[in-house]
Each structure stands twice: as structure tokens, then as C-alpha cells.
Engineer: 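Have a look at the structure that comes next, please.
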Amino acid sequence: MADVLIIGAGPVGLFMAALLLQEGVDVQVLEQRSAPEPHSRAIGIHPPALAALAGTGVAGALVAEGVPIRRGVALAGGKCLAQMSFARVSDRFPFILSLPQGRTEALLERRVNELAGGALHRGVRLTRLSDDGARVTVEAVSGRGTLRYTAPLVIAADGVRSTARALQGVAVRAKAYPDSYLMGDFADDTGFGPDAALFLAGAGIVESFPLPGQLRRWVVRLGPGDPTAGGPTADGQGGDSRWLMRCVRERTGLEIDAGTNSMLSSFGVRTRLARRMVTGRVVMIGDAAHEVSPIGGQGMNLGWLDAAALAPIVSAAVRGREVTGVLKTFERTRLRAAARASRQAEINMALGRPLTDGLLAVRNRAIGGVAAVPAVNSLIARRFTMH
Ligand SMILES: Cc1cc2nc3c(=O)[nH]c(=O)nc-3n(C[C@H](O)[C@H](O)[C@H](O)COP(=O)(O)OP(=O)(O)OC[C@H]3O[C@@H](n4cnc5c(N)ncnc54)[C@H](O)[C@@H]3O)c2cc1C
């Protein structure tokens with residue numbers, strides 16, 4: 001019996017484990033995958049999350065591998081409409097760090113193994129949960145058959161299709177959006193260097209972010225006539241690199257080399273916010289509790305900030321302190337943060353939708369005008385970086 005069982009070794013479960021292990025809490029992590037997930041989803045790590053990650057000693061390694069994005073530019077018709085600097089958003093991390101999620105998870109997993117080799121159990125899938133009020137018993141299937149674990153507390157970080165959430169019958173508020181996107185990573189010869197670039201085109205926004213290894217990620221808002229606009233394929237992969245290349249050329253005037261494509265994926269957007277995060281002795285964090293649109297890049301960061309807020313509460317509980325009141329505050333604050341991130345993503349998506357020429361000119365003029373006011377510009381930079 002461990003002090004705490006964590007379900008899921010995605011970025012959020014791994015970070016949660018590292019935080020608790022270094023406080024001396026005995027943690028076991030159950031992960032259904034026998035090997036890490038190779039598909040790169042999240043790339044943006046925001047300053048508040050970097051500050052939290054620094055507490056587990058992994059921020060340095062992440063920063064050493066990633067690309068610090070210190071500036072974003074918005075362009076339309078080949079002209080720069082607006083610029084945004086992240087220089088003032090944080091003294092310690094005045095940038096958004098770009099690093100593919102697979103590398104982020106690998107560095108977190110390395111830290112968990114340093115703190116407690118053997119704490120992470122791969123190839124073990126949670127199937128049942130029962131909470132008798134004093135402890136939780138978890139049943140899981142693995143190559144060795146059915147396994148049983150017990151712990152006074154379970155933290156479910158098992159992602160958007162959370163089994164723990166379903167087993168506990170926690171309702172979600174779900175919302176689907178009409179937006180779908182095609183994204184891909186390609187060799188970068190744009191000359192944008194470490195800047196992020198947003199192209200405000202009438203056919204829909206094109207976003208472009210630097211990646212380590214002289215690569216660049218392109219994200220294109222698809223329109224109703226686009227071939228992959230029906231949403232993501234069943235495995236989250238899909239789309240066509242030549243189509244993406246064509247969209248980029250038509251909307252930005254830039255050429256990308258389809259032959260250098262190293263990742264391609266299409267995705268639709270929905271929001272799912274759990275009605276509660278705490279049920280008896282089970283606490284849900286990360287995507288299990290709140291799925292927000294990838295546009296705005298806050299989902300993983302939000303989950304890490306859940307973990308950072310929960311860690312001291314769990315450490316106190318393990319040491320026998322009464323935490324019911326602080327857990328309620330935790331739940332209220334984190335659900336509010338998720339709702340805020342979700343609203344921010346809605347604004348980002350609305351700004352990137354296809355527009356007719358007349359409306360496009362009005363919108364782009366408005367963006368240029370607003371961004372030219374220094375106080376508003378720095379306020380938006382702070383909102384954008386989760387401050
Ligand atoms: C295209 C795209 C781009 C994105 N970009 C960004 C970005 O730039 N910045 C950002 O912050 N976020 C971004 N996100 C969101 C981010 O990827 C997620 O928020 C993040 O992965 C959530 O982490 P998690 O650990 O909560 O869940 P997950 O990453 O889903 O991990 C859950 C883990 O639990 C395991 N698991 C599931 N069920 C069980 C079970 N029954 N038993 C045992 N293990 C189980 C899974 O195998 C998995 O390893 C993006 C998402 C997408 C789709």
C-alpha cells in the first residue's frame with residue numbers, strides 16, 4: 001500500500017509524482033501504455049508552469065532542450081500588423097518555451113525514476129475503483145493478470161477519456177466547436193527564427209511556432225470546403241502534408257517543404273469541464289478534469305498548475321492533517337482556472353475563423369490598433385502566458 005496512487009503517466013501524472021516523491025510521499029504510478037506516447041501534441045510551456053516545474057528540478061533540462069519564444073508577430077497580406085513581447089511577463093522565464101510533449105514527458109519520467117526507480121508501473125490499466133471511506137482499492141489489468149492496489153488517496157491524471165471519472169460517474173459540461181485544424185512539423189527556413197508568427201488570413205488563421213532542431217510547427221484553421229475539415233481521424237492522426245503546404249502558401253505566401261514533414265495531425269475542438277475534481281478519496285487533475293481547446297496551448301500547463309496546487313495539500317494529508325476545507329478551495333480555484341482558459345481559447349479560436357474581405361479588414365485594423373496601445377499589449381501578453 002502506497003500513500004498515493006496516481007493513475008496515468010502523461011505530463012500531469014508524472015509531474016504530480018515528482019512533486020510528491022520529493023516531499024517524501026510514497027507514490028505508485030499506474031500507466032496503461034507499455035511505452036511512452038511518441039505523438040507530439042503540446043509544445044508551449046508557459047512561465048507559471050516553468051516556475052512550478054523548477055520546483056522539481058526539471059525546468060533547467062526543459063529550457064536547455066527547448067526554444068524560448070520571446071516574441072509573437074501578427075501578419076496580414078505580408079505586413080506586420082502587431083508584435084507582442086513576453087519580456088515583461090516574468091523575471092525568471094520571460095518567454096514561452098517550445099518543446100514537443102514527447103520530450104517533456106521523457107524528462108519528467110527521468111526525474112520520477114531518479115527520485116524513486118520502480119514507482120512507475122507501465123502496462124497497467126485501471127479498470128475498477130472502490131472507495132470505502134478510509135482507503136481506495138484499485139483493480140487494474142496487466143500482462144500479469146489482474147492486480148490490486150490500495151492507498152488512502154488516488155489521483156486520477158488519466159486524460160480526456162478518464163476511466164476514473166467514468167467509474168465515479170462524475171458528470172462533465174461538454175461543448176463542441178465548429179473549428180478544426182491541420183497541424184504539421186516541417187524544416188524551418190522561414191527566417192522567423194525563435195518568433196511565433198500568426199497569419200491573419202481571410203481563409204482562416206495560420207499559426208507557426210519554432211521547434212528545436214530547426215523545425216517549425218504549422219497549424220492551419222480549416223474551412224468547410226477543406227478535405228480534412230471533418231475533424232480528427234479516429235487515431236488523432238490524419239490530413240495531408242501537401243494540403244497543409246498549399247494552405248500555407250495561399251494564406252501566407254511562404255513555401256514549406258512537404259518532403260521534410262515529420263508529424264502531421266488534424267484535430268477538432270471541444271471543451272469538457274468536470275462538475276467536480278474531488279470525489280471522496282479520489283482527486284482528478286489535468287485533462288481528466290478539464291479538456292480545453294489546444295488553440296491557446298494551455299491544457300497541459302493547466303494540469304501542471306493543478307498538480308502544483310494539490311501537492312502541498314496531499315503532503316499535509318499524508319502527515320495526518322485535516323485538509324477537507326483546503327481541498328474544497330483547491331477544487332473551486334482550479335475549476336475556475338479551467339473555465340478561464342477555456343474562455344481564452346474561445347477568443348483565440350474566434351479570432352482565427354474565416355472571414356469575408358470586408359470583415360477581415362475591420363478585424364485586422366482592430367487587432368493592429370489594440371496591440372499598438374502598450375498597456376493593452378502587455379495585458380494581452382500576460383493573459384496569453386497564463387498570468
Ligand atoms: C493538437 C494538440 C496540441 C496541444 N498543444 C498544447 C500546448 O501547446 N500547450 C498545452 O499546455 N497543451 C496543449 N495541448 C493539450 C495537452 O496535450 C494535454 O492537455 C495534456 O496532454 C494533458 O495531460 P494529462 O497528463 O492530463 O493527460 P494525457 O496526456 O492524456 O495523459 C494521460 C495518461 O493516462 C494514461 N491512462 C489513460 N487511461 C488509463 C487507465 N485506465 N489506466 C492507466 N493509465 C491510463 C494514458 O495512457 C496517458 O499516458 C494540446 C493538445 C492537442 C490535442
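Counting convention: from 1, in listed order, for ligands and their atoms alike. These figures come from a predicted structure and were not determined experimentally. Heavy atoms only: backbone and side chains are in, while hydrogens, waters and symmetry mates are out.
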Engineer: May I ask you to list the atoms of ligand 1 that are less than 4.0 angstrom from any heavy atom of N301?
Structural biologist: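 In order of number, 9 (N), 10 (C), 11 (O).
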Engineer: Is a donor on one side and an acceptor on the other found under 3.5 Å between the side chain of H290 and the backbone of I285?
Structural biologist: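 No, H290 side chain to I285 backbone: no donor-acceptor pair under 3.5 Å.
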Engineer: Looking only at non-hydrogen atoms, which of P100, G10, G159 approaches atom 27 (O) of ligand 1 most closely?
Structural biologist: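 Among P100, G10, G159, the closest heavy atom to atom 27 (O) of ligand 1 belongs to G159.
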Engineer: Looking only at heavy atoms of V124, does any of them come nearer than 4.0 Å to an atom of ligand 1?
Structural biologist: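 Distance cut 4.0 Å: V124 passes for ligand 1.
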Engineer: Looking at R122 and E109, does any basic side-chain N land under 4.0 Å from a carboxylate oxygen?
Structural biologist: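 So R122 pairs with E109 through a salt bridge.
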Engineer: Considering heavy atoms of the protein only, find what lies nearest to atom 5 (N) of ligand 1 and give residue, atom and distance to 0.1 Å.
Structural biologist: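 The answer is A42 CA, 3.2 Å.
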Engineer: Judging by distance only, is a nitrogen or oxygen of A288 under 3.5 angstrom from one on ligand 1?
Structural biologist: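 The answer is no, given that A288 and ligand 1 share no N or O pair closer than 3.5 Å.
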Engineer: Does G303 have a non-hydrogen atom less than 4.0 Å from ligand 1?
Structural biologist: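 Contact absent.
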Engineer: Within a distance under 4.0 Å of any heavy atom of L126, pick out the atoms of ligand 1 and give their elements.
Structural biologist: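 Checking each atom against L126, I get 40 (C), 41 (N), 42 (N), 43 (C).
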Engineer: Quick check on E114: does its CD atom have over 12 non-hydrogen neighbours (other residues, nucleotides or ligands) under 6.0 Å away?
Structural biologist: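 Atom CD in E114 is packed in, count exceeds 12.
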Engineer: Does the N or O separation between R217 and ligand 1 drop below 3.5 Å for any pair?
Structural biologist: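 Checking ligand 1 against R217, no N or O pair falls under 3.5 Å apart.
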Engineer: Does an N or O from I7, backbone or side chain, lie closer than 3.5 Å to an N or O of ligand 1?
Structural biologist: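 Such a contact does not occur with ligand 1.
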Engineer: What are the atoms of ligand 1, with element, lying closer than 4.0 Å to any heavy atom of M183?
Structural biologist: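 Counting atoms of ligand 1 from 1, those under 4.0 Å from M183 are 1 (C).
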Engineer: Quick check on contacts: which atoms of ligand 1 are under 4.0 angstrom from a heavy atom of L30?
Structural biologist: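 Selected atoms, number and element: 43 (C), 44 (N).
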Engineer: Is the ring centre of F267 less than 6.0 Å from the ring centre of Y181?
Structural biologist: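 Yes, the ring of F267 comes within the 6.0 Å limit of the ring of Y181, centre to centre.
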Engineer: Pull out every atom of ligand 1 sitting under 4.0 Å from any heavy atom of A157, numbered as shown with elements.
Structural biologist: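 That gives atoms 32 (C), 33 (C), 34 (O) of ligand 1.
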Engineer: Within the 4.0 Å heavy-atom shell around T163, which atoms of ligand 1 are there?
Structural biologist: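 Taking each heavy atom of T163 in turn, ligand 1 has 41 (N) under 4.0 Å.
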Engineer: Which ligand 1 atoms, with their elements, are less than 4.0 angstrom from a heavy-atom of V12?
Structural biologist: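 Taking each heavy atom of V12 in turn, ligand 1 has 23 (O), 24 (P), 25 (O), 26 (O) under 4.0 Å.
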Engineer: Mark the output for E37 as yes if a heavy-atom distance to ligand 1 is under 4.0 Å, and as no if none is.
Structural biologist: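 In this structure, E37 fails to qualify as a contact of ligand 1 - no heavy atom is under 4.0 Å.
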Engineer: Could you pull out, from L108, D287, V29, the option with a heavy atom nearest to atom 22 (C) of ligand 1?
Structural biologist: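 Going through L108, D287, V29 one by one, D287 has the nearest heavy atom to atom 22 (C) of ligand 1.
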